[in-house]
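Below, read A as the first sequence line, B as the second, and so on, with proteins coming before strands; counting in each chain starts at 1. Remember, it's a predicted structure, so these values are computed and weren't measured experimentally. What you see below is based on every heavy atom in this structure, not just the backbone, and it leaves out hydrogens, waters and symmetry mates.
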Amino acid sequence: MEERYDPQKVELKWQKYWAERNIFKTEPDASKKKFYCLEMFPYPSGKIHMGHVRNYAIGDVIARYKRMRGFNVIHPMGWDAFGMPAENAAIKEGIHPAKWTYENIAYMKKQLNRMGLSYDWDREVTTCSPDYYKWNQWFFLKMYEKGLAYRKSSFVNWCPSCMTVLANEQVIDNGCWRCDTAVIKKELEQWFFRITHYAEDLLKACDELKGWPEKVVLMQKNWIGKSEGLEADFKVIGMDERIRIFTTRADTLFGATFICLAPTHPLAEKLVSDKKSLNNIREHYGKEDEKLGLFTERYAANPVNDEKIPIYIANFVLMEYGTGAIMSVPAHDQRDFEFAKKYNLPIRVVVIPEQQPNPPLPPFAKGGRGGITNFGLEAAFEEDGVLVDSGSYSRLKSDAARIEIAEFVEGRGLGKRVINYKLRDWGISRQRYWGTPIPIIYCEKCGLVPVPENELPVILPEDVKFTGTGGSPLADSEKFINTSCPKCNGKARRETDTMDTFVDSSWYFIAYCFGKGKIDFTSGTETSPPFNPPIGKGGQRGGSPALSYWMPVDQYIGGVEHAVLHLLYSRFFTRVIKDLGFINSPEPFANLLTQGMVCKETLKCPEHGWLFPEDVKNEKCVKCGKAVERGRVEKMSKSKKNVIDPDYLINKYGADTSRLFSLFAAPPERDLEWSDQGVDGAYRFLNRIWGIVYKYRRQAPGVRCQKLKPNSSLVTRHSSLLLRKTHQTIKRVTNDMEREYHFNTAIAALMELVNALSSFEPKSEEDRKILKFGIETLLLLLSPFSPHISEELWESLGNKKNILEQRWPLWDENIAKEEEIELVIQINGKVKAKIMIAAGLADEEVRGKALDEPRIQEIIKGKTLKKVFIVKGKLVNIVI
RNA sequence: GCCGGAGUGGCGGAAUUGGUAGACGCAAGGGACUUAAAAUCCCUCGUCCCCAAAGGGCGUGCCGGUUCAAAUCCGGCCUCCGGCACCA
């Protein structure tokens, strides 16, 4: 054994050892409980970053820990390989996206292996390979058959920079999720997945996501955005038309003083004669600037009292939500209020607060009760209350009135109660090259024809031109576009849009279960006894035993930025796949851990802007020598240059230190602040362990000492303390792992054990045995965090079998238990003394010992004891 | 605006059920070893009063409450972070 710890040597040795034996390969084994540990697969952008290091370190600890706990662990990895950066590289540097992508994958795979991650590479998936995206196409066809994939024209979010469409979820603060460019509305024919078909199910099942952070569940619920309300028809006076509106406030129906249509509402054209004005409004549609309206010069009849009210077109009314038309109740809706003020429309109060008039009346009441109160109001009253000026419904409370008025409107045949969702169908068409071709053919005679299943995959052609201008390169590829119709064999052309890359990542966790190159949803085998029977109902395919064995994912780990996007799409896809009969559970991820961001302080030179850490020497910019400003701690990003390159870190300290630091610096769900000194600390810790093992490597060879008991005649007092500490450490580390994966406190416990080991001086043979037991236990507990050094030192101690194949140690509660406890004695809640007493004494004895304590005697002398509280094993509080 | 989450030493963080606030690490200061430095090891380390010790006061964003006892529970506020945002 070397005296000095050389991480490079140790780590490469064990990585080679693991790879040669393909040690992380797993197969279904019905005799063992499975554990599916999954980290979000990366986009192969070139190199891994610290966010990946953290994400994959967390996942690897869990995988290795569960493996030692006896689970059959599946721990796969792959590549989210379609996407825009590859195409941008092609435009900028002339490299083909495929070449660029596969080269990046090769490099990043090396990096991941260099981190010592325990992946079963026999399950690797690469989404840009035809044997993967074939199944995107297959799912598309299945969904098309079931009406879950459809085409429609609509106003879509368009990113002018990426030159493509974005789904609603992919618009962040009105900008593109990828490049931040302001998104504009554009009318296009698009393919959609009918995710709204599952809206209610996706929402209801949120409550079953017990293993997810509440925050994420809430975000999903809000995104789905269920609301119950009334759809009501307003007849257009003098025309044979009705305008159907949606409202959640049927109780305010008597307060409606006008109605508004979205500019793109089908009736808008009919009602408005001034097309120029209509187009003007359309240009301001969906923009968050001022509210704009256009009077149609037509009127409609309120379904509740046939009152005649004006019809407007308004830019703020969305066609995509509800019916694309609203009734406007300015007294009780702030938006309508602003609109009414601007266009001088009447405002009628029909709901007043329940508690009157003390506390003082809200501003709206200044104008008096009920009636047209088009003055004195400063804001709408949007809360529930009591109805006024609403015919026979006056004096009812809002909640009751909502039901009664809705029933009345329903009774007149002028509406129905409905449920609406904010969730829209998922637009998947992208006008880009580097994605999955949508398997559709347009025939001059037969129209829209799906590509037959046996002709899949529709291969993405390689010989296309990347100009960076205009639309998708596919649209210019004659070879690709021109085809023949599968029905009539006549001239036809292919769809040139490709699929959103979120389609790829919506089922990759299911793909892993098949194994590399073996994805197959068409030849499901019959139920075989060792596995759970697949759910396939009559007529459906049999499903796959591998899928029912491995699914769902037991622990999913990734960034919170996917809280709605990827996670919602995956839940949708998993439902579709379940309904096709391939898996049992509609939920893909039983437990979800959303890890925090990796952050670092930013550095800025007044002249050269953001600086890399290595561009700063002695607080000065290396280029100009000016003093550097220390900025805020922010998420590591290339643009702010506050990054640490994982390659640099691993070359300098090794993978074990890098992993250990990123796990120790903060609990996984919280943001992690980078600290160079912290990394040094982690490195020092591993060096100390190396030193301890080196010092004692030849002591007590071949001994296992699980059965040693403290205070037996052979064991000295100081060694029985070490034995206890060892058992306590097993207990603490195990509990920290089980309790929300709090690795930081688990590592802190290991550090305490190292402190105890390094200050221990063995004097007898028994001491040496206990010391060795302590060291071996330390290595076992450390191995999920820093696996290479643990293997190396384990071997140095003469162990023949891998530490990987060892069982997680168990603690003995009798040994871990303290014999003496420190009793805190408080007087009136303030700590006055601490004494050591035997553990497990009866309350009376504890009380006696506390009162006998001289310091306490001194204070309570001559005072009456009011009460004495005893907390077992901890504290006594004497109230005087 | 609406909905979440957080606020603890110089710093990252700990405190599992209301029961010793500050585990563990980092930084800092002092010491040992060394020709010297690095490395390593040992000691101190919330703050204030006191020469010091002993002891005591204060202290988990702020104000108030419940309790024998509050970082933890309740009410009100402040700040920061995240999500949603014309969704009728």
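Contacts classified as salt bridge (Lys or Arg N to Asp or Glu O under 4.0 Å) and involving residues 820-838 of chain A (residues at least two apart or in different chains) are not found. Residues in residues 657-672 of chain A take part in these side-chain hydrogen bond (donor to acceptor under 3.5 Å, both in side chains) pairs, two or more places apart or across chains: A/Asp60-A/Arg659. Among pairs with a residue in residues 742-755 of chain A, those fulfilling side-chain hydrogen bond (donor to acceptor under 3.5 Å, both in side chains) read A/Arg688-A/Asn755, A/Lys725-A/Glu752, A/Arg732-A/Glu752, A/Asp736-A/Thr745, at least two apart in sequence or across chains.
Inspection of the A/Asp680 and A/Tyr653 side chains reveals an N or O donor paired with an N or O acceptor under 3.5 Å. In the model, A/Asp425 has a side-chain atom that pairs as donor or acceptor with a side-chain atom of A/Thr196 under 3.5 Å.
The base of B/C86 sits within donor-acceptor range of the side chain of A/Lys291, with an N or O pair under 3.5 Å. A/Gln826 contributes no side-chain N or O that forms a donor-acceptor pair with the base of B/U20 under 3.5 Å.
With C1' as the reference atom, B/G4 and B/U16 are 24 Å apart, rounded to whole Å. For the C1' atoms, the distance from B/A85 to B/U17 is 40 Å, rounded to whole Å. Distance check on atom C1': B/A21 versus B/A15 gives 7 Å, rounded to whole Å. Comparing B/G22 with B/G10, their C1' atoms are spaced 14 Å from each other, to the whole Å. Only the C1' atoms considered, B/G59 is 7 Å distant from B/U47, to the nearest whole Å. Rounded to whole Å, the separation between the C1' atoms of B/A23 and B/C73 comes to 25 Å. Annotation: B/C78 and B/G64 have their C1' atoms spaced 15 Å apart (nearest Å). Atom name C1', nucleotides B/C81 and B/G61: the rounded distance is 15 Å, in whole Å.
The interatomic distance linking A/Met327 (CE) with B/A88 (P) rounds to 12 Å, in whole Å. Per the geometry, CD1 belonging to A/Ile825 stands 19 Å off P belonging to B/A69, to the nearest Å. Counting to the nearest Å, the P atom of B/A88 and the CD1 atom of A/Ile419 are 13 Å from each other. The distance from atom CD of A/Glu320 to atom P of B/A85 is 13 Å, rounded to the nearest whole Å. Computed from coordinates, the A/Leu660 CG to B/C26 C1' distance equals 14 Å when rounded to whole Å. The NE2-C1' distance, from A/His265 to B/A88, rounds to 13 Å in whole Å. One atom, CD1 of A/Ile859, and another, P of B/G56, lie 7 Å apart when rounded to the nearest Å. In this structure, A/Phe685 places its CZ atom 19 Å from C1' of B/A39, rounding to the nearest Å.
Residue A/Val871 is in base contact, counting any heavy-atom pair closer than 4.0 Å across all strands shown. Within the nucleic acid shown, A/Leu875 comes within 4.0 Å of at least one base atom, counting heavy atoms only. Within the 4.0 angstrom heavy-atom criterion, no nucleotide atom of any strand lies near A/Val560. If you check every strand for non-hydrogen atoms under 4.0 Å, A/Gly681 touches sugar and phosphate atoms only.
More than 90° away from 0 lies the glycosidic angle of B/G46, which makes this nucleotide anti.
A/Lys849 pairs by the side chain to side chain contact (heavy atoms under 4.5 Å, CB included) definition with A/Ile835, A/Ile837, A/Leu841, not counting sequence neighbours. Listed by chain and number, the residues in a side chain to side chain contact (heavy atoms under 4.5 Å, CB included) with A/Arg571 are A/Leu202, A/Ala205, A/Cys206, A/Leu209, A/Trp212, A/Gln220, A/Leu568, A/Arg575, A/Glu587, A/Pro588 (sequence neighbours excluded). With sequence neighbours excluded, the residues that form a side chain to side chain contact (heavy atoms under 4.5 Å, CB included) with A/Asp843 are A/Ile870, A/Lys872. The side chain to side chain contact (heavy atoms under 4.5 Å, CB included) check on A/Gln334 picks up A/Phe337, A/Glu338, A/Ala379, A/Ala380, A/Glu382, with sequence neighbours excluded. In terms of the side chain to side chain donor-acceptor pair (under 3.5 Å) criterion, residue partners of A/Glu200 (sequence neighbours excluded) are, by chain and number, A/Lys226, A/Tyr421.
Remark: A/Glu818 engages A/Arg724 in a salt bridge, criterion side-chain N to carboxylate O under 4.0 Å.
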Below 3.5 Å between N/O atoms, which protein atoms pair up with nucleotides 57-61 of chain B? Just atom names and distances, please.
{"unit_1": "B/C58", "atom_1": "OP2", "unit_2": "A/Lys830", "atom_2": "NZ", "d": "3.4"}

Give every pair of a protein N or O atom and an N or O atom of nucleotides 40-49 of chain B that lie under 3.5 Å apart, one pair per line with the distance.
{"unit_1": "B/C41", "atom_1": "OP1", "unit_2": "A/Arg688", "atom_2": "NE", "d": "3.4"}

Quick test: give all pairs of protein nitrogen or oxygen and nucleotides 12-14 of chain B nitrogen or oxygen below 3.5 Å, distance rounded to 0.1 Å.
{"unit_1": "B/G12", "atom_1": "O2'", "unit_2": "A/Ala665", "atom_2": "O", "d": "2.7"}
{"unit_1": "B/G13", "atom_1": "O3'", "unit_2": "A/Asn744", "atom_2": "ND2", "d": "3.4"}
{"unit_1": "B/A14", "atom_1": "OP1", "unit_2": "A/Asn744", "atom_2": "ND2", "d": "3.1"}
{"unit_1": "B/A14", "atom_1": "OP2", "unit_2": "A/Arg670", "atom_2": "NH2", "d": "2.7"}

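Taking the six-membered ring where the residue is Trp, A/Tyr343 and A/Phe339 present tilted rings, their angle falling between 30° and 60°. In this structure, A/Phe502 and A/His562 have perpendicular ring planes: the angle between them is above 60°, well past the 30° mark.
When A/Leu261, A/Leu294, A/Ile259, A/Leu345 are each tested for a side chain to side chain contact (heavy atoms under 4.5 Å, CB included) with A/Tyr312, only one passes: A/Leu345.
Taking every side-chain heavy atom of A/Glu752 into account, B/A23 is the closest of B/A23, B/C26, B/A88. Each of B/C24, B/G82, B/A88 was ranked by its minimum atom distance to the side chain of A/Ala748; first place goes to B/C24. Counting only heavy atoms from C-beta on, A/Val831 has its side chain closest to B/A21 among B/A88, B/A21, B/G56.
A/Arg732 has no side-chain polar atom (N or O) that falls below the 4.0 Å cut-off from OP1 or OP2 of B/A15. Listed pair A/Asn755 / B/G25 meets the phosphate criterion, a side-chain N or O lying under 4.0 Å from OP1 or OP2.
Two residues are said to be in side-chain contact when any heavy atoms from C-beta on lie closer than 4.5 Å; A/Leu750 and A/Phe785 meet this criterion. Under the 4.5 Å side-chain criterion, counting only non-hydrogen atoms from C-beta, A/Glu228 is not in contact with A/Arg417.
Both A/Gly678 and A/Glu214 lie close to RNA chain B; mapped to their nearest nucleotides by heavy-atom distance, the more 5′-ward contact belongs to A/Glu214. Between A/Met751 and A/Lys874, the residue whose closest nucleotide on RNA chain B is further toward the 5' end is A/Lys874.
Both tests pass for A/Arg697 against the ring of A/Tyr694: distance under 6.0 Å to the centre and angle within 45° of the axis.
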Seminar exercise, completed: Each base of RNA chain B marked ( ) or [ ] if paired in-strand (Watson-Crick or G-U under 3.5 Å), | if paired to another strand and . if unpaired gives (((((((..(((......[....))).(((((.......))))).((((.....))))..(((((..]....))))))))))))....
